[in-house]
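Let me begin by presenting the structure, written as structure tokens, before commenting on it.
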2 protein chains.
Amino acid sequence: MSVTIKDVAKRANVAPSTVSRVISDSPRISEDTKKRVRKIMDEMGYHLNINGRVLVRQSTQTIGIVMKDSATHSFENPFFSEILKGISESCHANEYSLNLTTGESEESIFQDVIKMVQGKRVDGIIVLYSKEDDKVVPYLMEHNFPFVVVGKPLYGANKFMYVDNDNIEASRDATNYLIDRGHRELGFIGGDLKFEVTRDRLKGFKLAAEQHGIEVKDHSIKSIDLNDTVENGKKLVKALLSLSKPPTGLVITDDYNGLTVMSALQEENIRIPQDVSIIGFNNTMIAKLANPPLTTVDTNPYQLGFEASSGLIDILHDPSKVKRGVIIPTTIIERDSCISIQPMIEPQLDVN
Amino acid sequence: MSVTIKDVAKRANVAPSTVSRVISDSPRISEDTKKRVRKIMDEMGYHLNINGRVLVRQSTQTIGIVMKDSATHSFENPFFSEILKGISESCHANEYSLNLTTGESEESIFQDVIKMVQGKRVDGIIVLYSKEDDKVVPYLMEHNFPFVVVGKPLYGANKFMYVDNDNIEASRDATNYLIDRGHRELGFIGGDLKFEVTRDRLKGFKLAAEQHGIEVKDHSIKSIDLNDTVENGKKLVKALLSLSKPPTGLVITDDYNGLTVMSALQEENIRIPQDVSIIGFNNTMIAKLANPPLTTVDTNPYQLGFEASSGLIDILHDPSKVKRGVIIPTTIIERDSCISIQPMIEPQLDVN
DNA sequence: TCTTTTTCTGAAATCGATTTCATAACAATT
DNA sequence: AATTGTTATGAAATCGATTTCAGAAAAAGA
């Protein structure tokens with residue numbers, strides 16, 4: 001058995017309460033006593049058992065993380081790793097621990113969340129996605145459990161905190177980046193449309209096209225199924241290439257998908273950027289290391305995570321302080337996957 | 001306040017102990033009572049508070065994970081994500097939770113470990129590396145705390161469980177792969193030599209070279225500092241190219257470093273595989289998505305994680321069952337970053 | 001010197017479960 | 001009918017801390 005507060009108390013000839021107060025450095029204990037007790041704690045090799053404290057304080061000082069497909073798929077994408085990095089760093093600074101859901105299916109993740117909440121395993125939760133028909137957020141709201149979403153709230157926008165990019169704008173910028181470089185045949189490749197990010201980025205894409213009078217046909221809007229990216233990437237690329245006017249510019253909502261598509265294109269001997277320009281999202285390390293290096297929208301995933309975590313911790317410390325939404329700015333990082341082209345000259349009637 | 005076991009007990013007209021027994025489905029409670037109590041638990045919305053249980057059971061059902069540079073750098077590398085995936089899945093199957101260290105420096109990670117152990121926050125620990133001068137493993141041994149190392153033990157090999165590849169063999173295979181394809185000028189690029197993986201892989205590399213009578217000069221053995229990979233990659237590549245006989249085949253101990261080197265080489269207009277063949281390690285998704293796709297040694301990181309976690313959980317369930325070491329097999333995954341070359345013909349005296 | 005205030009510490013209750021030990025009620029055995 | 005054995009449940013202690021409330025001792029004020 002390890003040394004407890006009582007053992008220390010006995011040896012120091014004080015009450016357990018005194019030892020407890022020494023631990024939390026209460027001003028109500030004299031310096032003399034503190035010194036004496038601390039010395040004995042050292043001698044006896046005393047260490048606080050966190051579980052005792054948790055029980056009475058009703059606070060675990062840990063934050064739960066909910067990933068979309070949890071470990072199974074999320075970890076594949078460096079974007080999530082970056083977010084986790086941000087969260088981890090903020091947690092560390094505030095002396096919080098991290099607890100990950102380990103479920104694989106949507107349902108088992110939901111069960112993990114219930115356990116976290118009802119079992120009082122964590123003080124608050126960060127949800128790393130925003131998705132249609134998702135049960136997690138409604139559940140957390142219903143139970144009035146502190147949480148922060150990384151992504152755009154689908155409803156109850158003013159009822160909880162979220163951290164997000166302005167994805168519509170970001171995607172519009174990305175699309176304009178291609179348009180400005182002469183591209184008129186545009187394609188959009190996104191993830192599952194159930195996720196709000198994908199929708200927003202599609203919106204931005206369409207918006208930009210519209211404003212420039214560019215028609216975007218439905219068949220140049222594709223989505224990649226993350227469960228089987230490589231195969232899907234190939235199929236999708238073939239479909240895109242078989243169009244009468246294949247796109248010369250591709251907006252792809254994630255670097256990881258970007259690489260998948262690049263590799264499928266290259267297999268078809270399509271050169272990047274000479275034949276097709278590509279712009280990705282997130283600016284993860286894979287964008288930097290790709291060949292050619294990928295031009296991408298930096299969404300600052302680290303920052304997203306950091307703000308989410310800090311925001312949640314703020315809320316935990318003072319529940320009245322509810323920050324509604326934090327928008328992290330985005331910037332386009334120019335690398336080598338985009339090229340300027342001569343736009344096809346539209347046949348024009350002589351006006352004069 | 002939430003519903004406790006006492007509330008349920010009162011309402012059901014039984015003792016708290018009975019409710020507790022119903023929760024753990026003890027055979028000592030009659031089916032009738034069980035049914036009745038369960039119904040009331042449902043009605044009242046009772047949920048087990050894990051913290052109460054933790055305190056008396058002295059077991060948290062959670063596993064702590066120690067990463068080498070913790071979140072800050074480890075997450076950058078998909079290799080760790082893969083391991084985490086394996087761990088996560090095994091934990092889920094066994095109803096364990098995961099707790100990550102959040103420290104950034106070696107020292108603060110060590111502090112995290114102390115907190116985990118002494119604060120009894122976790123039941124066991126998985127250390128994701130094996131490193132010279134590391135304080136974590138000795139600490140865990142000294143305190144007789146259950147743990148598993150992913151990597152090769154530096155000492156006390158028979159005293160704790162570890163999961164590893166046979167890195168010497170794996171690296172020898174990789175090197176032979178190049179040698180078999182005619183490469184005679186070989187280079188080795190590894191991470192920090194303080195890590196046992198790097199050393200082993202270097203050993204294997206040297207072994208293979210030796211056996212084929214290939215001389216390996218010290219200046220074609222390099223290491224990449226993970227803190228600043230891109231810049232270091234460039235420097236290192238320049239140094240390698242300026243050798244009188246620059247290597248035609250490169251063994252690189254990690255896909256991530258492999259990509260870094262590839263991108264530096266390509267910047268110098270060195271073609272892969274035509275000018276330089278590269279073989280990496282780990283077979284993470286970035287190897288698959290690289291351009292050209294990277295030939296690599298599959299170390300089965302998922303498996304490494306899964307076995308580590310399952311092994312630890314075994315030990316937790318039955319401390320006498322100490323599996324010493326688990327070696328996960330490796331295989332070379334052939335892709336497009338290696339090519340056969342005509343070895344330079346050594347000037348030979350006519351023997352006849 | 002006596003009262004009041006302040007400073008420091010202790011006793012005991014509490015957090016929410018588990019578990020040991022005891023016992024009532026009933027069945028089985030002789 | 002008396003004894004033994006089962007079965008089902010309860011009372012109370014316990015895990016390791018925190019915290020409220022109270023009280024002793026010392027300092028300050030009258």
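Just so we're on the same page: letters track the sequence lines, and every chain starts at 1. Model, not experiment: these values are computed from the prediction.
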Are side-chain heavy atoms of [X] and [Y] found at a separation under 4.5 Å?
| X | Y | value |
| --- | --- | --- |
| B/Arg324 | B/Asn158 | yes |
| A/Ile87 | A/Ile126 | yes |
| B/Ile114 | A/His47 | yes |
| B/Phe160 | B/Val137 | yes |

When rounded to the nearest 0.5 Å, the distance separating CD1 of A/Ile65 from OG of A/Ser88 is 8.5 Å
Closest to side chain of [X], choosing from [options]:
| X | options | result |
| --- | --- | --- |
| A/Arg57 | D/dG10, D/dT18, C/dT9 | D/dT18 |
| A/Ile5 | C/dC15, D/dA17, C/dA17 | D/dA17 |
| B/Ile29 | D/dT18, C/dG10, D/dT9 | D/dT9 |

Starting at the 5' end of DNA chain C, which residue's closest nucleotide do you reach first, A/Pro27 or A/Pro16?
A/Pro27
Report yes or no: is the cationic atom of A/Lys152 (NZ for Lys, CZ for Arg) under 6.0 Å from the centre of the six-membered ring of A/Tyr162, at an angle within 45° of the ring normal?
no
Separation of [X] atom [atom1] from [N] atom [atom2], in whole Å?
| X | N | atom1 | atom2 | value |
| --- | --- | --- | --- | --- |
| B/Arg121 | D/dC15 | CZ | P | 21 Å |
| A/Arg21 | D/dC21 | CZ | P | 13 Å |
| B/Lys10 | D/dA11 | NZ | P | 12 Å |
| A/Lys120 | C/dG16 | NZ | P | 8 Å |
| B/Gln61 | C/dA17 | CD | P | 16 Å |
| B/Lys6 | C/dT19 | NZ | P | 17 Å |
| B/Asn13 | D/dG10 | CG | P | 9 Å |

Tell me whether the rings of A/Tyr139 and A/Phe110 are parallel (<30°), tilted (30 to 60°) or perpendicular (>60°).
perpendicular
Angle class for the B/Tyr302/B/Phe306 ring planes (parallel below 30°, perpendicular above 60°, tilted otherwise)?
parallel
Just call it for A/Val19: base, sugar-phosphate, or nothing, with non-hydrogen atoms closer than 4.0 Å on any strand.
nothing
Within the structure shown, what part of the strands sits under 4.0 Å from A/Ser17 by heavy-atom distance: base, sugar-phosphate, or nothing?
base
Show me the side-chain donor-acceptor pairs of residues 6-24 of chain A shorter than 3.5 Å, one per line, residues at least two apart or across chains.
unit_1: A/Asp7; atom_1: OD2; unit_2: A/Thr4; atom_2: N; d: 2.8
unit_1: A/Asp7; atom_1: OD2; unit_2: A/Thr4; atom_2: OG1; d: 3.4
unit_1: A/Ser24; atom_1: OG; unit_2: A/Ser20; atom_2: O; d: 3.2

Would you say A/Thr60's side chain and A/Arg121's backbone share a donor-acceptor pair under 3.5 angstrom?
yes
Using only side-chain N and O atoms of A/Ser20, determine if any of them is under 4.0 Å from OP1 or OP2 of D/dA17.
no
With a cut-off of less than 4.0 Å, is there a side-chain N or O of A/Gln58 near OP1 or OP2 of C/dT14?
no
Closest to the 5' end of DNA chain D, once A/Thr4 and A/Arg28 are matched to their nearest nucleotides, is A/Thr4
Per the end-axis method with five pairs at each terminus, what is the bend angle of the helix from C/dT1-D/dA30 to C/dT30-D/dA1, to 10°?
50°
Selection: residues 30-54 of chain A, any non-hydrogen atom under 4.0 Å of DNA chain C:
A/Ser30, A/Thr33
